[in-house]
Visitor: 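A single structure is presented below for examination.
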Amino acid sequence: MDQLQVVLDTIGSFVWGPFFLIPLLLGTGLYLTVRLGFLQFHKLFPALRLGLFRRKDDTDEGDISQFQALTTALAATVGTGNIVGVATAIGIGGPGALFWMWVTGLLGMASKYTEAYLGVRFRTTDEAGDKSGGPQYYLQKAIKGPFGKILALSFAIFAFLASFGIGNMTQGNAIAANVEGSFGVAPWLTGVVLTILTMLVLLGGIKSIGRVTAGLVPVMIVLYVAAAIFVLAVNIVDIPAALALIFTDAFTGTAAVGGFTGSILIIAIQFGVARGMFSNESGLGSAAIAAAAAQTSHPVRQGLVSMTQTFIDTIIVVSFTGLVIITTGAWELGGDEAGTMTGEAFAAGMPGDWGHLIVTVGLILFAFSTILGWSYYGERNVERLFGQRLVMPYRVVFSIVVFIGCTVPLSIVWSFSDVMNGLMALPNLIGLLVLSGLVARETKHYLKHDPKLVATTAEIEAFMVERPGWADWKSGNVVGSSRTHTGRAPVQDAQKMD
């Protein structure tokens, strides 16, 4: 096991190092930002209005509303990365790491839009009538030949494996450790309760997950941000200096102070980008899986709604966590104290034990919602690899593994999860670059006819009916089309199942 730990750490340090995935992530986000005409900036508010207020299109195609697809993706991303991940980035990279998390988020919005667009555009329908989409499908459907199939299968395998790591055991372990530390509850008992709750939600499928996340995610984000605003109000005089420190250290590195050991510029960038992606998952391809289940009348619309997830996760939640850590001086504790840094920061700005309590409860809700979101990501890749028949067994096994995560040490699982996340991102980022022309062309056409995102399904049909690829998108509504696409059933069999 020690040798395996060393191997995984070596692979992880290369995958997440400054010469491989980090420049690919930033470069892809920048390229897509330019190619899409800085879409994330001038369409942000219409997209927020569509996702948060209108919430669904006037169509029945899809499994959950646009708002539920957004909250499912948020559930998977707003997790330990927003509490522990931010603390780790700042504790090792210094305050400047927060700037690079912002950069990753802003550029990542273009990546998130692109992958969500593709997830909806190339989605299919399985034998149970549920939508299936994401890189495991669009990489093969949109990139013809063996290359696309290799990319799609690689993503599906890595995503399936990652779902048990970063989307399951690590989250359960974080919950159990915090509940034990704050309330004295034995990890095995937390594991039993968490396993039962997970199984109750998962057995209902994506519609059940969508309902739970739609109710849970907004509440937990609002409560957490409200607590952060209180702490910042208490330390309001320190905010200007904190902002100055963030922008200065982002380009110079950070000198040693307190328990902080100092950081050079490349470390600030590396941890800012790595933990930024860990938090918002832009470019990872995972959110496209949730987007594909949305009841939407056009891929562009859901792509824009999904894009707001990165904005909410990074520009809002991560920013509040980072500013609380910096204004209270908790960042000076250093990277070795990252696990408790956010709790110490909130405790410093709130009376009594409220700070630690809020962070603990926030971590429990964030991590549990991440388990739910990632369970759906995993099951859609199980459906892609093995078919619908193994989806229910996967849900049961996934729920049981939560208990294991709560009760065993997980250093090797964290290393494994980092590697799997990086390997998931690689085929997806390649696909986004290859397919960027298609996305840019179709996005321009749609926004030319519906710039304010207010068109009805009938109006969209009118200006899309002769558009190449429109009929192909609708063909994904045929029940059994996912089997046809993957070769598990001949075309005529899938047509009979409709």
Visitor: Would you call Glu442 and Arg467 a salt bridge, taking side-chain N to carboxylate O under 4.0 Å as the test?
Guide: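 Yes, this pair counts.
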Visitor: Do Tyr117 and Leu432 come close enough that some side-chain heavy atom pair is under 4.5 Å?
Guide: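 SC-SC contact between Tyr117 and Leu432 ruled out.
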Visitor: Would you give the length of the straight line joining atom CD of Glu281 to atom OG of Ser111, rounded to the nearest 0.5 angstrom?
Guide: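 Going from CD on Glu281 over to OG on Ser111, the span is 13.0 Å.
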Visitor: Quick one: does any side-chain atom of Asn82 pair with a main-chain N or O of Thr321 as donor and acceptor, under 3.5 Å?
Guide: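 Absent.
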Visitor: Check the pair Ile209 / Ser375 against side-chain contact (heavy atoms from CB on, under 4.5 Å), numbers first and verdict last.
Guide: CA-CA 9 Å; Ile209 295 172; Ser375 70; 3.7 Å; yes
Visitor: Side chain of Lys43, backbone of Pro451: donor and acceptor closer than 3.5 Å?
Guide: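 Yes: the side chain of Lys43 pairs with the backbone of Pro451.
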Visitor: Could you give the distance from CG (Asn381) to OH (Tyr137), rounded to the nearest 0.5 Å?
Guide: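 One finds 8.5 Å between CG of Asn381 and OH of Tyr137.
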Visitor: Evaluate the side chain to side chain donor-acceptor pair (under 3.5 Å) criterion for residues Asp9 and Ser415: first the C-alpha distance (whole Å), next the side-chain angles of each, then the deciding distance (0.1 Å), finally the verdict.
Guide: CA-CA 6 Å; Asp9 287 344; Ser415 300; 2.7 Å; yes
Visitor: Measure the spacing between CZ of Arg380 and OG of Ser163 and express it to the nearest 0.5 Å.
Guide: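 One finds 12.5 Å between CZ of Arg380 and OG of Ser163.
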Visitor: Using a 3.5 Å distance criterion without hydrogens, assess whether the side chain of His445 forms a donor-acceptor pair with backbone atoms of Arg441.
Guide: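 Checking the backbone N and O of Arg441 against the side chain of His445, no donor-acceptor pair under 3.5 Å is found.
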Visitor: Ignoring hydrogens, what is the shortest heavy-atom contact between Ile460 and Ser297? Give both atom names and the distance.
Guide: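 The answer is CD1-OG, 3.2 Å.
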Visitor: With rounding to the nearest 0.5 Å, note down the distance linking CE in Met109 to CG in Asp313.
Guide: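 It is 11.5 Å, given to the nearest 0.5 Å.
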Visitor: Under 30°, 30 to 60°, or over 60°: which ring-plane class applies to Trp470 and Trp473, parallel, tilted or perpendicular?
Guide: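 Plane angle between 30° and 60°, so tilted.
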Visitor: Main chain of Met169, side chain of Asn173: is a donor-acceptor contact present, judged purely on distance under 3.5 Å?
Guide: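 Side chain of Asn173 to backbone of Met169, a donor-acceptor pair under 3.5 Å: no, none is there.
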Visitor: Set out, in order, the CA-CA distance, both residues' side-chain angles and the distance that settles side-chain contact (heavy atoms from CB on, under 4.5 Å) for Tyr113 and Leu32, then state yes or no.
Guide: CA-CA 9 Å; Tyr113 167 80; Leu32 292 173; over 6 Å; no
Visitor: Please tell me if the side chains of Ser154 and Ile150 come closer than 4.5 Å, counting only heavy atoms from C-beta onward.
Guide: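 Sidechains of Ile150 and Ser154: in contact.
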Visitor: For the residue pair Tyr377 and Trp374, does the interplanar ring angle fall in the parallel (under 30°), tilted (30 to 60°) or perpendicular (over 60°) class?
Guide: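 Tyr377 and Trp374: perpendicular rings.
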Visitor: Within a strict 4.5 Å, meaning less than it, do heavy atoms of the Thr124 and Thr486 side chains meet?
Guide: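 No, side chains not in contact.
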Visitor: Indicate whether any N or O donor in one side chain lies under 3.5 Å from an N or O acceptor in the other, for Ser65 and Gln295.
Guide: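 Looking only at side-chain atoms, Gln295 and Ser65 do not form any donor-acceptor pair under 3.5 Å.
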Visitor: Apply side-chain contact (heavy atoms from CB on, under 4.5 Å) to the pair Leu194 and Ile371, showing each step before the final yes or no.
Guide: CA-CA 10 Å; Leu194 201 58; Ile371 290 172; 4.1 Å; yes
Visitor: State the CG-CG distance between Leu223 and Leu365, to the nearest 0.5 angstrom.
Guide: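 Reported value, rounded in 0.5 Å steps: 8.5 Å.
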Visitor: Quick check on side-chain hydrogen bond (donor to acceptor under 3.5 Å, both in side chains): which of Gln140, His485, Gln136, Glu379 does Arg384 satisfy it with?
Guide: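 Per the side-chain hydrogen bond (donor to acceptor under 3.5 Å, both in side chains) rule, the option paired with Arg384 is Gln140, out of Gln140, His485, Gln136, Glu379.
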Visitor: Give a yes or no answer on whether the side chain of Ser132 reaches the backbone of Thr125 with a donor-acceptor pair at less than 3.5 Å.
Guide: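 Answer holds: no.
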Visitor: Give me the atom names and distance for the closest heavy-atom approach of Val391 to Val382.
Guide: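 Taking every non-hydrogen atom into account, N-CG1, 4.3 Å.
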Visitor: Main chain of Ser482, side chain of Asp126: is a donor-acceptor contact present, judged purely on distance under 3.5 Å?
Guide: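 No, Asp126 side chain to Ser482 backbone: no donor-acceptor pair under 3.5 Å.
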Visitor: Applying side chain to side chain contact (heavy atoms under 4.5 Å, CB included) between Val318 and each of Thr104, Val86, Ile83, report the one that passes.
Guide: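 Single side chain to side chain contact (heavy atoms under 4.5 Å, CB included) partner of Val318 among Thr104, Val86, Ile83: Val86.
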Visitor: Could you tell me if Gln309 and Asn280 have a donor-acceptor pair between their side chains, going purely by distance under 3.5 Å?
Guide: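 Short answer, no.
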Visitor: Identify whether the distance between the nearest side-chain nitrogen and carboxylate oxygen of Glu383 and Lys131 falls below 4.0 Å.
Guide: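 No, no charged N to carboxylate O under 4.0 Å.
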Visitor: Which pair of heavy atoms, one from Ala291 and one from Val120, lies closest together, and at what distance?
Guide: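 So the minimum-distance heavy-atom pair works out to O-CG2, 3.4 Å.
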Visitor: Given side-chain contact (heavy atoms from CB on, under 4.5 Å), test Ile64 with Thr72 step by step and report yes or no.
Guide: CA-CA 10 Å; Ile64 54 178; Thr72 298; 4.2 Å; yes
Visitor: Is the closest side-chain heavy-atom distance between Phe164 and Val402 below 4.5 Å?
Guide: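 They are not in contact (no side-chain heavy atoms under 4.5 Å apart), so the answer is no.
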Visitor: Using the ring of each side chain (for Trp, its six-membered ring), is Tyr446 parallel, tilted or perpendicular to His298, with breaks at 30° and 60°?
Guide: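 Correct class here is tilted.
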Visitor: Counting distance only, does the side-chain N/O of Ser369 pair as donor-acceptor with the main-chain N or O of Phe366 below 3.5 Å?
Guide: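 Such a contact is found between Ser369 side chain and Phe366 backbone.
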Visitor: Check the orientation of Tyr394 and Phe160. Use parallel for under 30°, tilted for 30 to 60°, and perpendicular for over 60°.
Guide: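 Geometry flag for Phe160 against Tyr394: tilted rings.
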Visitor: Would you say the side chain of Leu118 lies within less than 4.5 Å of the side chain of Leu139, judging by non-hydrogen atoms?
Guide: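 Not in contact.
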Visitor: Just how far is it from atom OG1 of Thr457 to atom CZ of Arg301, taken to the nearest 0.5 Å?
Guide: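 It is 7.5 Å, given to the nearest 0.5 Å.
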Visitor: Closest approach of Asn178 and Ala174, non-hydrogen atoms and distance?
Guide: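 Looking at all heavy atoms of both residues, the closest pair is ND2-O, 2.8 Å.
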Visitor: Given Gln68 and Thr213, is the side chain to side chain donor-acceptor pair (under 3.5 Å) satisfied, shown in steps?
Guide: CA-CA 7 Å; Gln68 290 174 330; Thr213 58; over 6 Å; no
Visitor: Is a donor on one side and an acceptor on the other found under 3.5 Å between the side chain of Ser208 and the backbone of Gly205?
Guide: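 Checked: no pair found.
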Visitor: What is the minimum heavy-atom distance between Ala288 and Pro135, and which atoms define it?
Guide: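 That would be CB-CD, 4.1 Å.
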Visitor: What heavy-atom pair brings Phe155 and Met424 nearest, and what distance separates the two atoms?
Guide: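 The answer is CD1-O, 3.4 Å.
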Visitor: Do Glu459 and Met464 have side chains that approach each other closer than 4.5 Å (heavy atoms only, starting at C-beta)?
Guide: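 A side-chain contact under 4.5 Å is absent here.
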Visitor: Does the structure place the NZ or CZ of Arg121 under 6.0 Å from the centre of the six-membered ring of Tyr138, at an angle of no more than 45° from the ring's axis?
Guide: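 No, Arg121 and Tyr138 do not form such a contact.
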Visitor: Can you see whether Thr195 engages Ser399 through a side-chain donor-acceptor pair at a distance of less than 3.5 angstrom?
Guide: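 Side-chain D/A pair, Thr195 to Ser399: absent.
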Visitor: Does this structure show an ion pair linking Lys141 with Asp472, if we count only N-O contacts that are shorter than 4.0 Å?
Guide: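 Between Asp472 and Lys141 there is no salt bridge, as every charged N stays at least 4.0 Å from the carboxylate O atoms.
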Visitor: Does the side chain of Ser436 reach to within under 4.5 Å of the side chain of Arg35, using non-hydrogen atoms?
Guide: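 They are in side-chain contact.
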Visitor: Any donor-acceptor pair under 3.5 Å linking the side-chain atoms of Trp102 with those of Thr314?
Guide: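 No pair is found: no donor N or O on one side chain lies under 3.5 Å from an acceptor on the other.
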Visitor: Within the distance-only criterion (no hydrogens, no angle test), does the side chain of Ser306 pair as donor or acceptor with the backbone N or O of Gly303 below 3.5 angstrom?
Guide: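 Not a single qualifying donor-acceptor pair exists.
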Visitor: With side chains defined as the heavy atoms from C-beta onward, is the minimum distance between Met392 and Leu203 less than 4.5 Å?
Guide: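 Met392 vs Leu203: side chains touch.
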